[in-house]
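Below is one structure, written out as structure tokens, with a few remarks after it.
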Amino acid sequence: MSWWDRVLRWEDSHRFVVDLLGTLVVLLFGLTLNVNFLDGSSARAVPDLLVAFLLIAPLAWRRVRPAASAATVYSVALLQMLFVTPLMIPADFAVLVALYSVTVHGPRWAHRVAMVGAIVGGVLLPITLVTWWNPPSAVATTIFVWSVAAAVWAFGLARRSRRETLEALVDRATRLERERDQQAQIATAAERARIAREMHDIVAHSLTVMIAQADGGRYAASADPAAATRALGTIGETGRAALTDMRRLLGVLREGPPTPTGSIPVVAPPAGTAAALGTAPPAGGGPAGPTPPGPAVTPQPSVEDVPHLVEQVRASGLRVSLVRTGTPRHLPPGVGLTAFRITQEALTNVLKHAGPDPSVTVVMSWRPDALALEVSDDGRGASAGSDGLGHGLLGMRERAALFGGTVTAGPRPGGGYRVRAELPTGPAVAAPPPTTSTLDAPPPAASSRQDDR
């Protein structure tokens, strides 16, 4: 911001002080001009000096109280024409200043009334100057007053339009900045909620499986050392998988290393070049070398990983079966991740709250426009203990609501607990290429129902 901008900003924030100082200066010169204009006529000096003071003094409020200031100046000018003197004095130019000020800073009705007053004053002025008996002189005086008033009014309207445009632009920029900050806060809150859900799903499920395996391995260590060894293997595999997921999730939050000052950032070459194939010439023009590999990434879980999840939980000692009906199809990444996380959280709750040796059934029902997931067990149900937080069910409902789905959970008739989710899938998406795992393969065409037990 330049010094001139700072001066203008200070002047705009101290309008009355600036106008008061300007009015005092104008009063000093205005009264002096009026004394010289009167040529020492003492009979008219006092009333004319009083009129000059009353015409100029209200200009101190021309921007803070524009309508009242203009009304005062117009009233004094009217009284001057009718009762004080038949001649004009230099202080009468305050009427034009008042007209300009109320046009720029006053309400619309005020500057319109002021312009009407200027038109009426243009008619009254020739009469008070005793020129009404001379029609050409009276008409010329009226036209001159109207022309000057119209020019001042037009200039004031132009300034008013520019001021309103600037104020509208400033207001729009302020609103856009406020909306940008609000959108940033909303996006931050949504991202924090998403990360919290991911952290909860990864940590809660993995730790629950590891605790179950550790307890089972400890009890089986003396009677069945092989079972303890398998439990330790499952603990290691689950821990490594959780660590990989945690690194992937936290890697999104980390910022890359800053570019050194004065250096040029490296731009990735187009596909098909030698650099894209892993070789790039060094800066000194020497032989090409391999490009350092980037950080390893893994895809997000999807609905195709639910059978593997069931196998993982089954390996922890839980009796769980998977039932699939309908024709499986590939889902968009967001819907597929939601289906996987809901199933994962439901199975985690079974491990934590269902009690000893429950039987669990996971049902995946493929419909033309939706996927229905149901995880039910015959455990303790409503009598199961709770940690009092309820983040799991809340996270499942939030995930489903993002895609227009619903989640219901509660005790089921006959004992146990049931979690049911329904996710709209929309139009079918082409299935991905088949993998080597038989758990991810679709059911055979001869049967529309498959029971993995």
Side-chain angles (χ1 to χ4, degrees), residues 4 7-38 44-122 124-125 128-129 141 144-164 166-167:
W4 181 247
V7 169
L8 291 179
R9 176 170 294 186
W10 182 89
E11 186 269 342
D12 188 68
S13 60
H14 299 81
R15 290 183 173 183
F16 180 72
V17 176
V18 174
D19 292 340
L20 179 61
L21 294 177
T23 302
L24 293 176
V25 174
V26 173
L27 273 174
L28 178 62
F29 286 96
L31 295 179
T32 303
L33 288 175
N34 278 279
V35 170
N36 296 332
F37 180 76
L38 295 175
R44 294 170 46 195
V46 174
D48 284 349
L49 289 178
L50 180 60
V51 169
F53 176 81
L54 294 178
L55 284 172
I56 298 174
L59 297 181
W61 290 268
R62 68 183 189 89
R63 288 192 292 179
V64 294
R65 296 289 186 272
S69 175
T72 304
V73 173
Y74 272 56
S75 300
V76 173
L78 179 62
L79 294 176
Q80 175 199 3
M81 286 190 297
L82 296 179
F83 303 107
V84 178
T85 176
L87 297 178
M88 294 183 62
I89 58 177
D92 288 329
F93 286 98
V95 176
L96 299 177
V97 177
L99 174 61
Y100 171 80
S101 300
V102 76
T103 303
V104 176
H105 304 286
R108 295 184 181 275
W109 65 265
H111 74 77
R112 291 170 181 170
V113 172
M115 188 57 194
V116 172
I119 294 175
V120 174
L124 293 178
L125 185 60
T128 59
L129 293 177
T141 303
F144 174 77
V145 173
W146 285 355
S147 300
V148 174
V152 173
W153 190 46
F155 185 67
L157 289 177
R159 291 285 299 176
R160 179 189 184 92
S161 177
R162 182 176 182 274
R163 181 178 60 84
E164 290 177 346
L166 291 177
E167 290 178 353

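Every value quoted in this text rests on a predicted model; they were computed, and no experiment measured them.
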Requested in this report: Enter the distance from Arg108:CZ to Thr103:OG1 here, rounded to the nearest 0.5 Å.
Outcome: 11.5 Å
Query - Chi angles and distances behind the side-chain contact (heavy atoms from CB on, under 4.5 Å) call for Leu157, His111 - result: CA-CA 9 Å; Leu157 289 177; His111 74 77; 3.8 Å; yes
Report task. Ignoring hydrogens and angles, tell me if any N or O in the side chain of His14 forms a donor-acceptor pair with the backbone of Trp10 under 3.5 Å. Result -> yes
Query - Atom CZ of Arg15: over 12 foreign heavy atoms under 6.0 Å - result: yes
Query raised in the report: To the nearest 0.5 Å, what is the distance between CZ (Phe155) and CG (Leu96)?
Result: 13.0 Å
Report summary line: Closest non-hydrogen atoms of Leu27 and Ala57, given as atom of the first, atom of the second and distance, are CD2-N, 4.4 Å
**Report entry** Heavy-atom neighbours of Arg159 CZ exceed 12 at 6.0 Å
**Finding:** no
**Report entry** Check: His105 main-chain N/O paired with Arg63 side-chain donor or acceptor under 3.5 Å
**Finding:** no
Report task. List the atom of Gly122, the atom of Trp146, and the distance in Å for their closest heavy-atom pair. Result -> CA-NE1, 3.7 Å
Requested in this report: Search all heavy atoms of Ser101 against all heavy atoms of Pro66 and return the closest pair with its distance.
Outcome: O-CB, 4.2 Å
Requested in this report: Assess whether side-chain contact (heavy atoms from CB on, under 4.5 Å) is satisfied between Leu78 and Leu124, documenting all intermediate values.
Outcome: CA-CA 9 Å; Leu78 179 62; Leu124 293 178; 4.0 Å; yes
Report summary line: Across all chains, not counting sequence neighbours, the salt bridge (charged side-chain N to carboxylate O under 4.0 Å, His left out) partners of Arg160 are Glu164
**Report entry** Straight-line distance of Leu55 CG to Leu50 CG, nearest 0.5 Å
**Finding:** 9.5 Å
Query raised in the report: Atom CG of Asp19 and atom CG of Leu59: how far apart are they, to the nearest 0.5 Å?
Result: 8.5 Å
Query raised in the report: To the nearest 0.5 Å, what is the distance between OG1 (Thr72) and CZ (Arg65)?
Result: 12.0 Å
Report task. Determine the interplanar angle of the Trp61 and Phe16 rings, folded into 0 to 90°, and report it as parallel if under 30°, tilted if 30 to 60°, perpendicular if over 60°. Result -> tilted
**Report entry** Donor-acceptor pair, side chain of Ser69 and main chain of Pro58, under 3.5 angstrom
**Finding:** yes
Query raised in the report: If you round to the nearest 0.5 Å, how far is CZ of Phe53 from OG1 of Thr23?
Result: 10.0 Å
Query raised in the report: Nearest heavy-atom pair of Leu99 and Ala149: which atoms, and what distance?
Result: CD2-O, 3.6 Å
